[in-house]
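All remarks here apply to the structure that follows.
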Amino acid sequence: LLGHDSEEISSDHDAIARWRELYGSDSPDEAFGWQNIGAALQRTGKRDEALAAFRAAARIREVRLGNSALTASSLTAVATVLNEQGKWSEALAIYDRTLQIDRAVLPAGDIQLAPILINRANTLKNLERLDEAAQNYDDALALYEHAGARGMNVAVTLYNRGDLAGQRGRCDDALRDHEHAAALFEELRGPQTGLLIYPLVGEAGCLLRTGRAAAAIPRLQRALALPTRPGDAFQVARARAYLGRALVDTGRDRAGGVAMVRAARSAVAADAEGAAVLR
């Protein structure tokens with residue numbers, strides 16, 4: 001994958017050089033090259049470089065295309081990287097502008113508005129503006145429901161809304177969304193998909209908070225048996241911390257549970273979203 005991305009980046013730089021020879025600097029074609037380079041850099045974890053590439057694409061499109069869907073796409077990419085860097089206030093300002101552009105150029109109720117609402121909600125959640133975040137998730141899911149959609153974006157949004165409900169202490173709502181998300185992930189990707197770690201850990205967190213530690217244990221054991229990717233490290237750490245707590249709360253293995261929580265703490269703390277879990 002890394003080799004493929006390197007080849008793609010090199011090819012796009014060559015294409016940008018050719019477009020500059022043909023059309024001069026900052027043509028709309030050049031913006032496509034920067035957008036592709038940004039996506040490849042983001043996949044390889046080079047966030048600062050990805051941000052610079054996405055900003056180059058956005059700058060060109062703003063000048064050449066104005067408030068267009070392509071401009072909104074580049075701005076969304078910029079905000080996504082800022083989110084990954086924990087620069088949530090800066091990301092939110094860009095999502096607000098992107099949403100304004102998309103609402104102006106897309107038909108009312110267009111399903112393409114949903115991903116922007118979801119991204120904005122994720123940012124608001126990190127800023128602890130929880131009521132606004134919940135409204136954005138509701139609005140996105142309403143668009144999907146109206147369109148009859150049942151894809152991955154729906155499952156991810158249900159998980160995110162459930163996670164937010166858990167943060168707000170609304171565990172009945174959270175458990176309902178997590179169960180729905182898990183069922184949809186299984187339907188779409190099968191019972192061994194690593195994506196299941198997200199709703200399973202979300203369910204377990206709420207079960208622990210409502211005094212049902214014994215019910216949390218099988219969910220966490222299943223979550224930790226799933227194949228995961230490096231990007232899931234926070235959820236894996238969260239699962240281990242919760243399992244440790246459940247083992248303590250149920251009295252099944254107090255010493256082992258405390259050790260598991262302590263071992264997970266540094267990985268939880270390393271994530272931008274870890275503060276709420278640490279609390």
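The structure displayed is predicted, hence computed values, not measured ones.
Qualifying side chain to side chain donor-acceptor pair (under 3.5 Å) partners for Arg240, counting only residues two or more places apart in sequence or in other chains: none. Under the rule for a ring-ring contact (aromatic ring centres under 6.0 Å, His included), the partners of Tyr198 that lie at least two apart in sequence or sit in another chain are Tyr159. Remark: Asp14 engages no residue in a salt bridge (charged side-chain N to carboxylate O under 4.0 Å, His left out) (not counting sequence neighbours). Take Gln42 and apply the side-chain contact (heavy atoms from CB on, under 4.5 Å) test, not counting sequence neighbours, and it matches Ala50, Phe54, Thr80, Val81, Glu84. With sequence neighbours excluded, the residues forming a side chain to side chain donor-acceptor pair (under 3.5 Å) with Thr71 are Ser68, listed by chain and number. Residues passing the side chain to side chain donor-acceptor pair (under 3.5 Å) test with Arg120 are Asp96, Asn136, sequence neighbours excluded. Residues forming a side-chain contact (heavy atoms from CB on, under 4.5 Å) with Ala216 (at least two apart in sequence, or on another chain): Ala204, Leu207, Leu208, Leu220. Contacts of Arg176 classified as side-chain contact (heavy atoms from CB on, under 4.5 Å), with partners at least two apart in sequence or in another chain: Asp173.
Shown here for Ala134 and Leu164, the closest heavy-atom pair between the two residues is N-CD2, 3.3 Å. Taking all atoms of both residues into account, the shortest heavy-atom contact from Gly109 to Leu143 is O-CD2, 3.4 Å. Residues Ala213 and Asp249 come closest through the heavy atom pair CB-CB, 3.8 Å.
Legend: disulfide bond (SG atoms under 2.5 Å apart) pairs involving residues 136-174, not counting sequence neighbours, sorted by first then second residue: Cys171-Cys206. Residue pairs that meet the disulfide bond (SG atoms under 2.5 Å apart) test with at least one member in residues 239-269, sequence neighbours left out, do not exist here.
Counted within 6.0 Å of CD on Glu187, heavy atoms from surrounding residues, nucleotides or ligands total more than 12; the atom is thus considered enclosed.
Contact annotation: the side chain of Asn119 approaches that of Thr76 to within less than 4.5 Å [non-hydrogen atoms, C-beta and beyond]. No side-chain heavy atom of Thr44 sits less than 4.5 Å from a side-chain heavy atom of Ile9.
The side-chain hydrogen bond (donor to acceptor under 3.5 Å, both in side chains) with Asn67 is formed by just one residue from the set Gln100, Arg61, Arg97; it is Arg97.
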Do any side-chain atoms of residues 33-41 form donor-acceptor pairs under 3.5 angstrom with protein atoms, and if so which ones, sequence neighbours left out?
{"from": "Trp34", "atom 1": "NE1", "to": "Glu30", "atom 2": "OE2", "distance (Å)": "2.9"}
{"from": "Gln35", "atom 1": "OE1", "to": "Ser74", "atom 2": "OG", "distance (Å)": "2.7"}
{"from": "Asn36", "atom 1": "ND2", "to": "Phe32", "atom 2": "O", "distance (Å)": "3.3"}

Result block: side-chain N/O donor-acceptor pairs under 3.5 angstrom for residues 254-270, not counting sequence neighbours:
none

